[in-house]
Amino acid sequence: MSASVFPVLEAHLPSVSKPIQYVGGELNSTVKEWDCAPEGPTVRWTLMYPDAYEVGLPNQGVQILYEVLNERPWILAERTYAVWPDLEAVMREHDIPQFTVDAHRPIGDFDLLGLSFSTELGYTNMLNALDLGRIPLHAVDRTEDHPVVIAGGHAAFNPEPIADFIDAAVLGDGEEIVLAISEVVRDWKRQGRPAGEMASPRLELLRRLAVTGNVYVPRFYDVAYGEDGAIASVVPNRADVPERVRKHTLMDLDAWPYPAKPLVPLAETVHERFSVEIFRGCTRGCRFCQAGMITRPVRERSIQTVGAMVENGIRKTGFEEVGLLSLSSADHTEIGEIATDLADRYEDQNVSLSLPSTRVDAFNITLANEFSRNGRRSGLTFAPEGGSERMRKVINKMVTEDDLIRTVAAAYSHGWRQVKLYFMCGLPTETDEDVLQIAELAKRVIATGREVSGRNDIRCTVSIGGFVPKPHTPFQWAAQLDHETTDERLRKLREEVRADKRYGRAIGFRYHDGKPGAVEGLLSRGDRRVGRVIEAVWRDGGRFDGWSEHFSYDRWMAAADEALAGTGVDVAWYTTRERGYDEVLPWDHLDSGLDKDWLWADWEDALAVADGSADVEVEDCRWTPCYDCGVCPEMGTEIQIGPTGQRLLPLSVV
Ligand code: SF4
């Protein structure tokens, strides 16, 4: 049995901020008996999004797995989120362990702890939860009485910096693999937790997971370093585990229409809507985009399934806003039909639809008009990403300035007053001039808007993020721009915008300083040595590194200086250094399906485009022939798109 900590916790909740976030019992949440399996052992998971409830609850990945697992009568899954420092202090003082929000059970009582990392800045929150949960920080110190700690999500494509703290990592789509893992755990428990030929039962369980080929168990791989500090080799230390661990790809999204019972948060969260993922993957080939590269190929949900999921979600949640989610939603082959048919269905019903991300072309205005038919008109966001045409060619984001101006002209002439443009700073080969072009573009946007609308009150907000090179992308070899130069470049841009008397006041400018990007860079392309830095930061009080009010750059740098002393490498070595073709990258033994030589050729193409010696564009393989990135043959997958030719009928009145 596992006893609830709620009786002790409850007395302290009035003294902490937003206590409702720790209470659980949300609409559509699930609480099961501890021994829920009708026969045989129950397999128990805690799922954690390592951030505060308000960020973690809306996370689709966790919601999907929570449901998929709980649908099985022999599996119990509960959720936990990072607790704020005020509650942490109370928990430490009163000896309350990290608990689940569903039945308030200590997370240390479960068989598995699955963490979903969208960003590396959640690593210190993982360590805090382990410590509060009385689970040894280091995987080697755990026994069969402790949960198996498994990392997933995009950051798990290079889990090396957290290799010492996790027992395993899974790459790719989680729906099927969590069930496969559960079956391995059930069999092992049913057999009386044998040790087999391993030194302990826990090692035997990890071995069983590793030999499936779909679960990476870091301790079964030895890393050796050369004198120059780079990795010399990563080799399995057992014959029965694969040399490379493969990502998992779910091929039939229509067969997995989750979440089917979306959670309705009790406290305010970052998204107050229900989302339906309309397709997974992206093959546009933007060279900076890790999400696009690691989720290939494109797999669409059919218009019929999307319609059914929207209907079901609205009925089960009462949300009045539905987001149609994906990496580039306007690219769905039937997005026009989806928009029109859903707008027809929900005419006069107070249901608004939104596309969180939009491509820069005028078609989006037609879409946006459909989406705003039944509800409020949300802002329009476009992401040209690169400031100059040259830069956009280097990153393979083929948006011309004229495309952008045409699109915003259509928006302003259809009544929009506000357009948001998203850019990155610090892209490979970028100069000050490329970034200053953003000011010129924004001025042209305002001038065009005033002209087509005949009004003066229009605005354009320029939002800029610092570029962080990511594993499994063509830019994985690139040097990251140091944060001082990033900040200086953006200071010049801001001055350029502000100095303009005609347009400057109509242009908003959003940018956070470049320091968190430097830490993200260290964690994204780090190896196992970086684990010591993460641990030192956490021991020094580091938590919630994704929150500017909690993040401390100085703490990270001081920890890195100390933890990396004597290794021959430092933060600059991990971040601002360009890598060569022959270097063994920390994630080379983790197989995203992308062919490393293809990635390298694409990186060289980017450099050739940058210096003008070539003019190559990688097109989208959804609509052009395959260009052999390697994913489909390696993973046994294929592009799966419509059109289906089907339409959504009006809902019948019951
Ligand atoms: S293997 Fe070919 S079709 Fe498949 S994602 Fe890569 S380029 Fe596209």
Side-chain angles (χ1 to χ4, degrees), residues 154 156-158 170-177 213-214 244-256 277-302 325-335 357 359 385 392-399 469-477 581 585 587-609 614-644:
H154 289 184
F157 276 78
N158 175 26
V170 286
L171 279 59
D173 301 326
E175 288 93 333
E176 293 172 316
I177 190 70
N214 275 323
R244 299 188 78 209
V245 181
R246 295 154 57 87
K247 81 164 176 184
H248 200 271
T249 311
L250 183 71
M251 277 314 293
D252 186 359
L253 260 63
D254 281 344
W256 296 78
E277 189 182 15
I278 61 174
F279 66 86
R280 211 170 272 184
C282 180
T283 39
R284 285 201 160 254
C286 302
R287 295 188 170 110
F288 58 85
C289 182
Q290 187 192 40
M293 291 290 165
I294 62 177
T295 58
R296 291 173 172 224
V298 171
R299 293 142 286 151
E300 282 186 359
R301 270 206 170 104
S302 67
L325 204 76
S326 74
L327 290 173
S328 172
S329 293
D331 283 337
H332 191 289
T333 48
E334 290 178 306
I335 190 65
S357 51
R359 209 173 58 205
E385 317 276 4
R392 291 193 290 274
K393 282 186 172 176
V394 170
I395 63 178
N396 201 50
K397 183 112 190 184
M398 297 308 189
V399 180
K470 294 280 179 168
H472 305 278
T473 68
F475 287 168
Q476 64 183 353
W477 291 279
Y581 175 79
L585 302 172
W587 51 90
D588 276 351
H589 57 300
L590 299 171
D591 190 3
S592 61
L594 293 155
D595 180 56
K596 195 174 176 187
D597 281 336
W598 178 81
L599 286 172
W600 178 261
D602 203 43
W603 167 229
E604 288 198 309
D605 283 349
L607 295 177
V609 169
D615 191 12
V616 271
E617 179 182 349
V618 184
E619 296 199 42
D620 192 325
C621 60
R622 246 175 301 198
W623 303 294
T624 59
C626 165
Y627 47 75
D628 294 327
C629 78
V631 169
C632 293
E634 177 71 16
M635 296 291 144
T637 56
E638 59 186 2
I639 298 272
Q640 237 178 40
I641 55 171
T644 62

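First listed ligand is number 1; within each ligand, the first listed atom is number 1. For the numbers below, each heavy atom of this structure counts, side chains included, while hydrogens, waters and symmetry mates do not. Keep in mind that what you see is a predicted model, and the values were worked out from it rather than measured. The residues of the chain are indexed from 1 along the displayed sequence.
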Quick test of your reading: applying side-chain hydrogen bond (donor to acceptor under 3.5 Å, both in side chains), list the pairs with at least one residue in residues 288-300, sequence neighbours left out, ordered by first then second residue. D173-R299, R296-Y627, E300-T333
Ionic contact status for E175 with R280, cut-off 4.0 Å: yes
Output all residues satisfying ring pair (Phe, Tyr, Trp, His ring centres under 6.0 Å) with W623, sequence neighbours left out; order by chain, then residue number. none
Tell me, please, which residues at least two apart from H589 pass ring pair (Phe, Tyr, Trp, His ring centres under 6.0 Å). Y216, Y221
Tell me whether R287 contacts the main-chain N or O of P474 through its side chain, where contact means a donor paired with an acceptor under 3.5 Å. no
Side chains of L599 and T473, heavy atoms from C-beta outward: is any pair under 4.5 Å? no
Protein N/O/S count near atom 2 (Fe) of ligand 1 (criterion: distance under 2.8 Å): 1
